[in-house]
Amino acid sequence: MTKQAGPVLLYIASFPYSGSTIFSIALGNSPGFLNIGEANYLENDWKDEKPCYCRETLAACPFWSEVKKLTGAGPGAAGPSLQLEDHAALRFLDSRDLPLHKRFLVSLGVPLTVVFRQEDLRDYASRTASFIRSLSHAFGACAIVDASKNLRRLEVLRQYSNLDIKVIVLKREAQDLLASRLKRAKRRNPGYSPLMAPVYLLWVLYHRFAIRRVTRKMRDEECLEVSYEELCGTPQALERRIGRWLGTPVDFGISGENVIDTSNSHIFTGNVRITKFEEGGKGIRLRKAASSVPGFGRLERVVLAVSRRIEI
């Protein structure tokens with residue numbers, strides 16, 4: 001499909017727990033870039049009373065209240081788009097509660113047209129492209145940052161839309177990915193047992209396989225691999241590298257001791273510990289979390305040690 005002139009959709013196809021929310025906020029600070037967070041969940045998570053990162057409700061937030069107007073019907077509407085309301089059109093693909101058998105089939109690499117109706121996939125791509133172009137026009141953005149990570153969404157948009165899509169694969173050391181996943185499971189799952197640690201190691205391997213399956217045939221100008229360690233350790237060098245790849249300056253908005261400016265961020269999807277508990281105007285300090293922290297049992301430590309040998 002021929003790409004049309006228009007905004008670049010800068011798609012972050014990262015591993016879960018790799019820092020994609022922070023990375024998307026950083027990218028969104030670049031001139032002409034607009035970060036919308038995990039766009040695949042905008043319809044799922046929209047509630048007028050839900051807080052934005054700016055600490056206003058979505059209904060009162062100057063950014064999202066304007067975005068919702070763009071998605072409405074009537075004069076000036078840019079054709080079918082997202083529906084930021086309780087009955088959403090695109091949840092068949094993006095639902096947080098996607099039926100287990102569909103998740104399983106997609107995880108095995110079964111073509112999306114076998115799992116979903118092709119006309120629905122085309123409609124999904126058309127609505128999303130309309131939404132992206134509406135945002136670009138309304139806010140003067142040359143690049144829209146989408147931190148969805150969702151590979152189903154990426155495949156559909158690449159196959160059925162004429163958006164100019166650039167993919168950034170954000171990687172992180174396997175041991176740190178696994179440690180983050182285990183800590184979340186211990187914190188939020190009352191039935192968690194250390195015996196589940198090997199299962200989560202397979203979870204890391206699955207995501208490694210899935211990302212490589214989707215990106216292995218992309219050309220260098222379509223896909224760039226970066227790492228969370230680069231973002232934390234050498235952010236200025238990473239800015240230059242991404243800027244050369246895109247052909248436009250990139251500025252993460254970092255000042256002081258590796259603090260990312262968050263004053264212009266309006267995300268409400270993604271890492272809930274950031275979107276709920278950070279103070280938006282004070283910025284986020286970049287730091288590489290240590291995976292070998294107290295609190296892991298013997299089996300968990302063994303599995304973490306094994307994960308060091310995985311090349312992400």
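Basis for what follows: all heavy atoms, side chains included, without hydrogens, waters or symmetry-related copies.
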J.: Fit a plane to each ring of Y200 and W203, take the angle between them on a 0 to 90° scale, and name the class: parallel (under 30°), tilted (30 to 60°) or perpendicular (over 60°).
T.: perpendicular

J.: Is there side-chain contact between T248 and F33, with heavy atoms separated by less than 4.5 Å?
T.: yes

J.: Considering only heavy atoms from C-beta outward, does the side chain of F116 approach that of V156 to under 4.5 Å?
T.: no

J.: Side chain of S126, backbone of R122: donor and acceptor closer than 3.5 Å?
T.: no

J.: Considering only NZ, NE, NH1 and NH2 on the basic side and carboxylate oxygens on the acidic side, decide whether E155 and R213 come within less than 4.0 Å.
T.: yes

J.: Any heavy-atom pair between the side chains of L42 and F268 that's under 4.5 Å?
T.: yes

J.: Does any part of the side chain of H137, heavy atoms only, come nearer than 4.5 Å to the side chain of L70, both counted from C-beta?
T.: no

J.: Between E300 and A197 (side chain of the first, backbone of the second, donor and acceptor by atom type, cut-off under 3.5 Å), is there such a pair?
T.: no

J.: Can you list every pair that meets side chain to side chain donor-acceptor pair (under 3.5 Å) and has a residue in residues 249-259, with sequence neighbours left out?
T.: E257-R285

J.: Decide yes or no for I132 and I36: does some side-chain heavy atom of the first lie under 4.5 Å from some side-chain heavy atom of the second?
T.: yes

J.: Which heavy atom of W64 sits nearest a heavy atom of C52, and at what distance?
T.: CD1-SG, 3.8 Å

J.: Judged by atom type as modelled, is there a donor-acceptor pair below 3.5 Å linking the side chain of N40 to the main-chain atoms of R153?
T.: no

J.: Can any side-chain N or O of S18 pair as donor or acceptor with the backbone N or O of R172 at less than 3.5 Å?
T.: no

J.: Side chains of F209 and I211, heavy atoms from C-beta outward: is any pair under 4.5 Å?
T.: no

J.: Can you measure from OG (S24) to CD1 (I12) and round to the nearest 0.5 angstrom?
T.: 5.0 Å

J.: Yes or no on side chain to side chain contact (heavy atoms under 4.5 Å, CB included) for K68 and L58, after CA distance, side-chain angles and deciding distance?
T.: CA-CA 9 Å; K68 189 167 184 179; L58 296 182; over 6 Å; no

J.: Let me confirm one number: the OG1-CG distance from T215 to L154, rounded to the nearest 0.5 Å.
T.: 9.0 Å

J.: With a 4.5 Å cut-off on side-chain heavy-atom distances among I, L, V, M, F, W and Y, is there a chain of contacts connecting V303 to V199?
T.: no

J.: Just by modelled atom types, is the F296 backbone N or O under 3.5 Å from a matching donor or acceptor in the R301 side chain?
T.: yes

J.: Work out which heavy atom in S20 is nearest to a heavy atom in A147; give both atom names and the distance.
T.: O-CB, 4.3 Å

J.: Has N189 got more than 12 heavy atoms of other residues, nucleotides or ligands less than 6.0 Å from its CG?
T.: yes

J.: Out of curiosity, E173 CD to F15 CZ, how far, rounded to the nearest 0.5 Å?
T.: 12.5 Å

J.: Check whether T113 reaches the backbone of Q118 with its side chain - one donor and one acceptor, N or O, closer than 3.5 Å.
T.: no

J.: Any donor and acceptor pair, going by atom type alone, linking the side chain of S136 with main-chain N or O of R133 inside 3.5 Å?
T.: no

J.: Using the side chain to side chain contact (heavy atoms under 4.5 Å, CB included) rule, take V204 and I312 through it: C-alpha gap first, then chi angles, then the decisive distance, then the call.
T.: CA-CA 9 Å; V204 172; I312 293 294; 4.1 Å; yes

J.: Under the criterion side chain to side chain contact (heavy atoms under 4.5 Å, CB included), I'd like the reasoning laid out for R127 against D123: C-alpha separation, chi angles, the key distance, then a yes or no.
T.: CA-CA 6 Å; R127 288 176 180 272; D123 180 64; 2.9 Å; yes

J.: Just jot down the side chain to side chain donor-acceptor pair (under 3.5 Å) partners of S30, sequence neighbours excluded, or say none.
T.: none

J.: Can you give each donor-acceptor pair under 3.5 Å made by side-chain atoms of residues 98-112, sequence neighbours left out, with the distance rounded to 0.1 Å?
T.:
residue : atom : partner : partner atom : Å
R103    : NE   : L98     : O            : 3.1
R103    : NH2  : R96     : O            : 2.8
S107    : OG   : R103    : O            : 3.3
S107    : OG   : F104    : O            : 2.6

J.: Report, as yes or no, whether the 6.0 Å neighbourhood of atom CD on E221 holds more than 12 heavy atoms from other residues, nucleotides or ligands.
T.: yes

J.: Indicate yes or no: at least one non-hydrogen side-chain atom of P16 is less than 4.5 angstrom from one of R181.
T.: no

J.: Let me know which of F139, Y53, F63 forms a ring-ring contact (aromatic ring centres under 6.0 Å, His included) with H266.
T.: F63

J.: Can a donor-acceptor pair be found, under 3.5 Å and without considering hydrogens, that links the side chain of T57 to the backbone of A60?
T.: yes

J.: Answer yes or no: is there a side-chain heavy-atom contact under 4.5 Å between W245 and I168?
T.: yes

J.: For L299 versus P194, what's the shortest heavy-atom pair and its separation?
T.: CD2-O, 3.3 Å

J.: Could you tell me the separation between the NZ atom of K171 and the CD atom of E230, rounded to the nearest 0.5 Å?
T.: 9.0 Å

J.: Is there a path of hydrophobic side-chain contacts, each under 4.5 Å between heavy atoms of I/L/V/M/F/W/Y residues, joining L27 to V8?
T.: no

J.: Using a distance-only test with no angle check, is there a side-chain donor-acceptor pair under 3.5 angstrom linking Y192 and R187?
T.: no

J.: Going from CG on D176 to OG on S307, what distance comes out if it is rounded to the nearest 0.5 angstrom?
T.: 8.5 Å

J.: Given 3.5 Å as the limit, does a donor-acceptor pair link the side chain of S14 with the main chain of L170, or not?
T.: no

J.: Quick one about N150 and Y41 (side-chain donor to acceptor, distance below 3.5 Å, no hydrogens or angles considered), yes or no?
T.: no

